[in-house]
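Below: one structure, written as structure tokens.
In this text the structure is predicted, and so the values were computed from the model without any measurement. A, B, ... follow the sequence lines: proteins, then strands. Residue 1 opens every chain.
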Number of protein chains: 2
Amino acid sequence: MNTLAALLPKGTVITDPDILAGYRQDRALDPEAGTPLALVRPTTTEQVSETVRWANENRVPVVPRGAGTGLSGGATAQDGALLLSTERMREISVDPVTRTAIAQPGLLNAEVKRAVAEHGLWYPPDPSSFEICSIGGNAATNAGGLCCVKYGVTTDYVLGMQVVLADGTAVRLGGPRLKDSAGLSLTKLFVGSEGTLGIITELTLRLLPAQPPQSTVVATFSTLTAATEAILGVTGRLRPSMLEFMDSVAINAVEDELRMGLDRSAAALLVARSDAPGEHAAEEAAVIVAACEKAGAVEVFSTEDAEEGEAFTAARRFAIPAVERRGTLLLEDVGVPLPRLGELVAGIAEIAARRDVLVSVIAHAGDGNTHPLIVHDPHDPDETARAHLAFGEIMELAIALGGTITGEHGVGRLKKAWLPDQLGPDVMDLTRRIKDALDPHGILNPGAVL
Amino acid sequence: MNTLAALLPKGTVITDPDILAGYRQDRALDPEAGTPLALVRPTTTEQVSETVRWANENRVPVVPRGAGTGLSGGATAQDGALLLSTERMREISVDPVTRTAIAQPGLLNAEVKRAVAEHGLWYPPDPSSFEICSIGGNAATNAGGLCCVKYGVTTDYVLGMQVVLADGTAVRLGGPRLKDSAGLSLTKLFVGSEGTLGIITELTLRLLPAQPPQSTVVATFSTLTAATEAILGVTGRLRPSMLEFMDSVAINAVEDELRMGLDRSAAALLVARSDAPGEHAAEEAAVIVAACEKAGAVEVFSTEDAEEGEAFTAARRFAIPAVERRGTLLLEDVGVPLPRLGELVAGIAEIAARRDVLVSVIAHAGDGNTHPLIVHDPHDPDETARAHLAFGEIMELAIALGGTITGEHGVGRLKKAWLPDQLGPDVMDLTRRIKDALDPHGILNPGAVL
């Protein structure tokens, strides 16, 4: 450890057990988190290179970490590993002419959004955790969010990067160019690789002009079926800038906290938005209203008021913390092709009933990406066991419906047992061959994904 | 050869030298094209698997081929290789609810556009060759086009694929889901891999709602500098749906053929479009007009008429064949970050003067992707030699300006000598490690890219 500390500026390597304790887990709160050797907090790509080169030579595993908000245990500490936190890498520059930004990974998503907004620009991907999650973590997990139904996910906005490979070599991939067909699409391979192929130390991000004001539609339904029908009705007619779903448990949990007058008797609530320019947002909102009414909505409410619309969006974003007040959550991230959404939601209810656990479903409904929240009491071993059974069964259901075990959170350590079921042996073998070619000693985030 | 023919339906394997002759080259017309062993024209993924498995076992190289319109020699025949043409794989199905299509690789880009338009949908990527290039070739080269300045390139529209690996195994990657963070981003790795990692046999494509009608602005300039200033002025203010550039040589070559009244005395012509909804297209057109005037345009013309706008777009698309009437072309595809566009265009003029060759520059100007066309007489060995020197120098210039040797055509065999200069030894090594891991016997498109 001293040999590494000697390579880096004073204070970069931390071994104080009290400080290390705060970095052992991410938001997955894996109880099996190990005891790390040290925490390294570099400020430059060169320091990341030095660290990884030292780790590779000494066969010490490296667990990279952004803001520690991951929900799949991708940043769970391993015994004897270095924790490499990018939290002190926080620079950004914005070029309004190419509409690109060069950002270091430790910046929060919200900080990137604010920095580019000063130039009248917009970085779209918006995980619900955007105020607390890092842009580096977003790239490592190919994070999504609420606007993805229209604007795509993180990979759609990463044009280039600097990344430190397993032997400590730093390479530049891509750059501030919308088009580049020179060589393999390596930039895109590293996005979503969850720290298993390299450590991203700089991102070149594609930006859009500022988002126009949005119209907002809120609709409630007395059955889940009516709500999923409305979702298909909306997406079949237009491309909303947001299309979110909350079930009865989530509606009530949010209402308990925010007291905003949500209909507690509703089986489901949709929040949909349009950001079409000018009066076209209201036109699209009218189409959304009609689709909800056609599907038998109990109540449909539409507003052009930005603040009011933002309040409903914030309510939806608040659903996870609100439901968390009911107990500890096992947080799913399953996605299916949109026409199978109704089957997924019905199947989840069936699993919850069979396993006798509370499951609240919230969803980025417009792209078929759901977050079933499995509520349980960790001090009740029987309920906890049933919650874990349901956790696996929901992933198996998503796979059976042609879906994915993770739409935007990543596989991490929590979901890796199910990855082979989704990908199959041939794709797992392909994955393993790439991993071995790029990280022959397996030092990069071992135990994650594979 | 007979053992392979026996594995496949009658007529799939062709050895007739007269037929083979028509498949030895792509549009790069590489004079060093080899003599292939046979042409294989499968109709199913299984037949592609059988072919590649046989080739791998017998260590016979496979050169995959779409419509043969590649401009970088990615499909140039190699001595003793199998040519695998996907031209008979032509099925497509469209799902309007998920806004996705599943397409076989042999369909032309225009055929995909037409099939999805029947459902009111739009597949954006639009290479100038869209009427004759295949969707499989588009994916293999990560092709671009005119609308990419606003809508991105092929990889932004590929959600999944079926691909045959070097040992003949067919795998499915991704699927009809906007979000999927399960495992490595393998789909994106295969897009743009030019047949060196696998052979794509099916694509899952993301679609958009039909494009709104476009407003069109045409502007002429008396200097190249004024034109490149106007380009930055436009992109700094809004995101056009098209922003194309033609220099004086291209203007005159097009005018010679089409007689549409273009200003022959202009140094440069821009064609810009906006597809903002409703009256916002005209509003954006007014912003574009103002930016052109501010940069000192000689004449600026704006139209809401779709047919008139399409005529100018077609004129720009016709520039390559029109300039080709002046001589044989060496076709560049260099791109730079947009603020360096002026330096690139000026540098190309300097190279043309120094090497005493005619170079006409046309460009997808809004994303910094240019196509310098180097005109020469192949029967004049001295001029041909000078043209080839200029060809290399233009790529070196683009690299020096922080750009790429290929924005949308791919590296193929024509540009591979310059790839290491752009990527550097570390990224070349990374590329080689992935290639070796996925194709250990090097049977897939040997000699292309690497």
Point to revise | Point-to-point distance, once rounded to the nearest 0.5 Å, from OG of B/S274 to CE of B/M242 | key: 12.0 Å
Point to revise | CG-CG distance between A/D439 and A/L444, expressed to the nearest 0.5 angstrom | key: 4.0 Å
With respect to chain B, which residue among [options] yields the maximal number of heavy-atom pairs within a distance under 4.5 Å?
options	result
A/G410, A/S185, A/C148, A/P277	A/P277
A/L338, A/D436, A/D367	A/D367
A/H280, A/E194, A/Q422, A/R206	A/H280

Please report the shortest heavy-atom distance between [X] and [Y], naming the atom on each side.
X	Y	result
B/K416	B/L450	NZ-O, 3.6 Å
B/A210	B/W122	CA-CB, 4.0 Å
B/K179	A/G407	CB-O, 3.3 Å
A/F190	A/L173	CD1-CD1, 3.6 Å
B/A182	A/I405	CB-CG1, 4.1 Å
A/G168	A/S49	O-OG, 2.7 Å

Heavy-atom contact with chain B under 4.5 Å, split by part of [X]:
X	value
A/K150	backbone
A/L438	both
A/L165	side chain
A/D333	neither
A/E408	both
A/T196	side chain
A/S72	neither
A/R172	backbone
A/R177	side chain
A/V411	both
A/L178	both
A/V97	both
A/L238	backbone

Chain A contacts, top residue of [options] (heavy-atom pairs, under 4.5 Å):
options	result
B/V336, B/V149, B/T406, B/N369	B/T406
B/G192, B/G152, B/G145	B/G145
B/V449, B/L423, B/V171, B/T235	B/T235
B/S193, B/G368, B/P339, B/G236	B/P339
B/K435, B/E279, B/K415	B/E279

Review point. Are A/Q162 and A/I200 close enough, and set up right, to give a side-chain contact (heavy atoms from CB on, under 4.5 Å), and what steps lead you there?
Key: CA-CA 6 Å; A/Q162 192 164 23; A/I200 297 167; over 6 Å; no
Review point. Does the side chain of A/Y157 come within less than 4.5 Å of A/L207's, by heavy atoms?
Key: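 A/L207 vs A/Y157: side chains apart.
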Check your understanding: Is the shortest heavy-atom distance from the side chain of A/T154 to the side chain of A/V158 under 4.5 Å?
Key -> yes
Would you please say whether a donor-acceptor pair under 3.5 Å links the side chains of [X] and [Y]?
X	Y	result
B/Y151	B/D275	yes
B/T100	B/T98	yes
A/D180	B/T404	yes

Point to revise | Per-residue contacts, residues 424-434 of chain A versus chain B, heavy atoms under 4.5 Å | key: A/D426, A/V427, A/L430, A/T431, A/R433, A/I434
Point to revise | Residues A/L184, A/L189; criterion side-chain contact (heavy atoms from CB on, under 4.5 Å); working and verdict | key: CA-CA 9 Å; A/L184 297 179; A/L189 176 64; over 6 Å; no
Exercise for review: Please state whether the rings of A/H409 and A/H371 are parallel, tilted or perpendicular, taking 30° and 60° as the class boundaries.
Suggested key: parallel
